[in-house]
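Contents: one structure, followed by commentary.
The figures that follow rest on heavy atoms only: side chains count, while hydrogens, waters and symmetry mates do not.
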Amino acid sequence: MTQRQRNLLRWSLYSAGFLLVLLLSTSVLGNRTFCGTKLSLLPVYAACVACREGHEQGGLFALITAAFWALSGASGGAVFVFLLPLGSMVAGYITSAYVTRSLMPAVGGSLLNLVLCEGVVYVQRLFLGSPMPADASRLLLLQIGFSLLTTPLFWWLTGKIAKAGNRHGT
């Protein structure tokens, strides 16, 4: 298999993983809550891909997935188009330039993406006067915490995809 075919396979599998995340976020877990909050899986997955592939490829992948997310009509989608690639590029840059590719930098990148994306959506709803529960800030922290728990699963998944494409599979 040539390098071009391996790259095509790897990015096709990353895209299939994104579609799986989209399916899980909207259909399977769309109406389920955990302690009153819903999981936000896209920022975690985008950070894991960026930590595996680097800031350039990971940022482009996050931009494409955020645009697809926004066009699907998901809540906060327009904010994600700017913030998801930004957080993913920062996470990918820190991982590729300063630390080794491992789970802990991916957790940090996922936390950065979640705080950026979900925090700005919370502030946007706050300033626009959208109806929010009284304990919305507590629910935001719970959402970030519960979503962060999925990082090892997505790190493992992106590792298998990278190994299939012969790129930094650990």
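Separating the CG atom in Leu114 from the CG atom in Leu141 is a distance of 11.5 Å, to the nearest 0.5 Å. Separating the OH atom in Tyr14 from the CD atom in Gln57 is a distance of 10.0 Å, to the nearest 0.5 Å.
Looking at Ser72, its side chain does come within 3.5 Å of a backbone N or O of Trp69 through a donor-acceptor pair. Of the possible donor and acceptor atoms, one in the side chain of Arg101 sits under 3.5 Å from a partner among the backbone N and O of Cys51.
Of all heavy-atom pairs spanning Ala62 and Pro85, the tightest one is CB-CA, 3.7 Å. Contact record, Asn113 with Pro43: ND2-O, 3.1 Å, taken as the closest heavy-atom pair. Shown here for Cys35 and Leu142, the closest heavy-atom pair between the two residues is O-CD1, 3.9 Å. Among all heavy-atom pairs drawn from Gly17 and Tyr45, the shortest one is CA-OH, 3.4 Å. Shown here for Glu118 and Ser40, the closest heavy-atom pair between the two residues is OE2-OG, 2.7 Å. When all heavy atoms of Leu63 and Val81 are compared, the pair lying nearest together is CD1-O, 3.7 Å.
Note: the hydrophobic cluster containing Leu149 also contains Val21 (ILVMFWY, side chain heavy atoms under 4.5 Å, direct or indirect links). Val90 and Phe82 fall within the same hydrophobic cluster, where Ile, Leu, Val, Met, Phe, Trp and Tyr residues are linked whenever their side-chain heavy atoms come under 4.5 Å apart, directly or through other members. Hydrophobic clustering (ILVMFWY, side-chain heavy atoms < 4.5 Å, transitive): Leu86 and Val79 are in one cluster. The same ILVMFWY cluster, assembled from side-chain heavy atoms under 4.5 Å apart, contains both Leu19 and Leu84. The hydrophobic cluster containing Leu60 does not contain Ile94, counting ILVMFWY residues as joined when their side-chain heavy atoms lie under 4.5 angstrom apart, directly or transitively.
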TODO: Mind running side-chain contact (heavy atoms from CB on, under 4.5 Å) on Phe80 and Val121 for me, showing each step along the way?
DONE: CA-CA 9 Å; Phe80 276 43; Val121 167; 4.0 Å; yes
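If you run side chain to side chain contact (heavy atoms under 4.5 Å, CB included) between Cys117 and each of Leu42, Ile144, Leu83, Leu112, only Leu83 comes through.
Looking at heavy atoms from C-beta onward, Phe18 lies out of side-chain contact with Val49 at the 4.5 angstrom threshold. Between Trp155 and Arg52 the shortest side-chain heavy-atom distance falls below 4.5 Å.
A donor atom on one side chain and an acceptor atom on the other are found under 3.5 Å apart for Asn7 and Arg10.
The number of heavy atoms from other shown groups lying within 6.0 Å of OH (Tyr93) does not exceed 12.
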